[in-house]
There are 2 protein chains.
Amino acid sequence: MIVRQAAHVLELLEYFANRRRPATLSEVAQDLGWPRSSTFNLLGTLAERGYLYEPRAREGFYPTPRLFLLAREISEAEPLPEAVTTLLRDLVEETGETAGIAAASGTEVVFIEVCESPRPIRYFARVGLRMPIHITSCGRAILSQMGAAERATILRKVGFERHGPATPMSVAEVEAEIRRSVERGWFQNLAEFSQDLCGVSLPLPLGGRQLALVVAGPLNRMQERIPALAARMRRGLDLALAA
Amino acid sequence: MIVRQAAHVLELLEYFANRRRPATLSEVAQDLGWPRSSTFNLLGTLAERGYLYEPRAREGFYPTPRLFLLAREISEAEPLPEAVTTLLRDLVEETGETAGIAAASGTEVVFIEVCESPRPIRYFARVGLRMPIHITSCGRAILSQMGAAERATILRKVGFERHGPATPMSVAEVEAEIRRSVERGWFQNLAEFSQDLCGVSLPLPLGGRQLALVVAGPLNRMQERIPALAARMRRGLDLALAA
DNA sequence: CTTGTTTGTCCACACCGATGAACAAGGGCG
DNA sequence: CGCCCTTGTTCATCGGTGTGGACAAACAAG
């Protein structure tokens with residue numbers, strides 16, 4: 001069950017992030033399609049907690065820096081090593097494709113860091129983007145780091161849906177692909193999840209966290225280069241982890 | 001009316017900011033005193049939107065950097081000039097008291113920037129802290145920047161409650177104090193709101209925003225120094241605004 | 001293995017809170 | 001100044017949602 005008002009808080013914050021200037025009650029209500037009375041209550045709640053203020057009289061609300069301080073404290077607890085973010089930038093520059101770090105979230109994976117390709121045709125990803133854990137290269141790279149029991153627990157919960165001709169449709173197929181990938185030395189995904197999308201991943205254990213490094217782009221640009229790309233990622237990762 | 005689940009989102013984020021490490025469903029439910037089922041729904045909602053992930057299997061959830069990126073975008077829209085934050089630090093160093101920037105939020109004021117005094121006995125304030133607009137020095141410094149009509153609108157809504165012998169109890173008294181302060185050249189508050197608390201403020205119009213610079217501390221340390229302090233603040237502010 | 005305990009998930013109902021509608025307050029314009 | 005349209009605020013009602021409780025799964029201990 002999704003908690004509507006919780007989602008509305010996020011929606012409101014995203015709204016302000018796009019807007020980048022104060023909004024009156026009516027503007028928020030109109031733009032987000034909420035009843036004025038509900039908007040009134042929600043803005044009131046956030047204001048009462050010190051998360052909204054009125055920069056100028058009659059120009060409406062805007063978030064205080066309180067959220068930023070909060071988020072910074074949260075993020076500083078377990079930052080990614082600089083060597084890793086540097087590696088992402090290097091990979092993007094050398095390969096021209098999008099690179100990122102992913103982690104598990106239930107039966108899905110989330111990007112917790114992304115460095116985007118500069119090319120017009122590219123894999124468009126953002127921090128927070130989610131995708132199924134069992135049909136993505138990074139998802140399987142994360143699964144490979146878990147014990148058999150926990151992996152089974154997760155895989156039992158995934159809904160096997162067909163996204164294309166290559167999509168594996170059972171736990172056994174996924175387990176087999178993981179085994180193959182471990183032997184091969186890298187994880188890959190050839191349009192299992194999304195047409196034309198190809199990803200190459202490596203497991204990235206970091207302070208106990210089960211993460212994955214992934215480079216992804218259009219199938220036609222990626223396919224030929226996969227082994228070389230994987231080797232490059234391996235080298236970069238070993239260097240970064242040694243640092 | 002306060003929107004419970006919206007408040008819960010904030011509570012949860014503050015919880016993670018304090019905790020600085022992942023929390024399982026049960027831990028959250030216990031620590032925040034929520035039913036497990038409700039906690040389940042709330043965590044699920046935030047996870048689904050890409051705001052939570054699981055760093056390690058079976059160790060529970062932690063916020064992704066997505067919130068941080070969001071908050072940064074929001075905060076970068078209208079940053080305080082560096083000259084202002086520098087001024088705060090200088091004032092704290094020279095006076096030993098807490099300094100901050102406040103703005104309006106309905107019938108209250110919120111701190112949007114704070115630099116705390118290092119002394120053991122001090123005014124304890126944080127970004128997001130709120131207090132009544134009509135019985136604080138910074139509140140009146142903000143009110144003084146508004147037109148008579150808007151000021152009247154706000155003052156009509158405040159509930160005049162007695163917080164001490166010096167608390168003004170009517171719109172007229174507040175208006176009179178504002179007039180006196182404008183002539184005097186600074187705004188002050190001698191224990192009107194909180195016993196022992198003394199604040200000195202100056203209006204700070206900044207890119208159309210109606211803000212206030214405030215220095216506050218215990219009455220006995222402040223009282224003697226008010227004129228000198230106000231003069232120092234005036235000088236600093238003029239320099240900062242010129243930059 | 002079996003058992004007991006903890007943790008996570010599901011569901012139906014009661015109740016609380018979101019909302020539509022009515023009202024009040026602004027403020028723009030002639 | 002007075003009209004009208006917009007914006008903000010209040011409130012009673014009904015529908016949606018939070019929650020208790022039952023269940024299932026995972027783990028720890030024996």
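What you see is a predicted model, and the numbers here were worked out from it, not measured in a lab. By convention in this document, chain letters (A, B, ...) are assigned in the order of the sequence lines, proteins followed by strands, and residues within each chain are numbered from 1.
Using a 4.0 Å heavy-atom distance criterion, Arg36(A) is classed as a base contact. Among the protein residues, Ser37(A) comes within range of the nucleic acid bases, having at least one heavy atom under 4.0 Å from a base atom.
Comparing dA25(C), dA25(D), dT19(C) by their nearest atom to the side chain of Arg156(A) picks out dA25(D). In the set dG8(C), dT9(D), dT17(D), the nucleotide with an atom closest to the side chain of Lys157(B) is dT9(D).
Taking atom CZ of Phe61(B) as the reference point, atom P of dT7(C) lies 15 Å away to the nearest angstrom. Leu32(A) has its CG atom 12 Å from the P atom of dT19(C), to the nearest Å. Taking atom CD1 on Ile2(A) and atom P on dG18(D), their separation rounds to 10 Å, with Å as the unit. Atom CG of Leu25(B) and atom C1' of dC10(C) are 13 Å apart (whole Å). Atom pair Leu42(B):CG and dG8(C):C1' shows a separation of 16 Å (rounding to whole Å applied). As rounded to whole Å, 16 Å separates atom C1' of dT9(D) from atom CD of Glu48(A). Going from atom CG of Asn41(B) over to atom C1' of dA12(C) covers 14 Å, rounded to whole Å. Between Gln30(B) atom CD and dT6(C) atom C1' the separation is 11 Å, expressed in whole Å.
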| query | Given the rule in the side-chain contact (heavy atoms from CB on, under 4.5 Å) test, do Val110(B) and Leu52(A) qualify, once you have shown the distances and angles that lead to the verdict? | reply | CA-CA 9 Å; Val110(B) 209; Leu52(A) 291 178; over 6 Å; no
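Proximity of Gln5(B) to the phosphate of dT17(D): no side-chain N or O atom is located under 4.0 Å from OP1 or OP2. A close approach under 4.0 Å does not occur between any side-chain nitrogen or oxygen of Arg4(B) and OP1 or OP2 of dG18(D). For dT17(D), the OP1/OP2 oxygens have no side-chain nitrogen or oxygen of Ser38(B) closer than 4.0 Å.
If Thr39(A) and Phe40(B) are placed on DNA chain C by their nearest nucleotide, the residue sitting closer to the 5' end is Phe40(B). Each of Thr153(A) and His8(B) has a nearest nucleotide on DNA chain D; the 5'-most of these lies closest to His8(B).
At most 12 non-hydrogen atoms from other residues, nucleotides or ligands lie less than 6.0 angstrom from CD of Gln195(B). Crowding of Glu173(A) atom CD: a count of heavy atoms from other residues, nucleotides or ligands under 6.0 Å exceeding 12.
Taking CG of Leu42(A) as the start and CG of Leu32(A) as the end, the distance is 9.5 Å to the nearest 0.5 Å.
For the 3.5 Å distance criterion, the side chains of Thr24(B) and Glu27(B) qualify, holding a donor opposite an acceptor.
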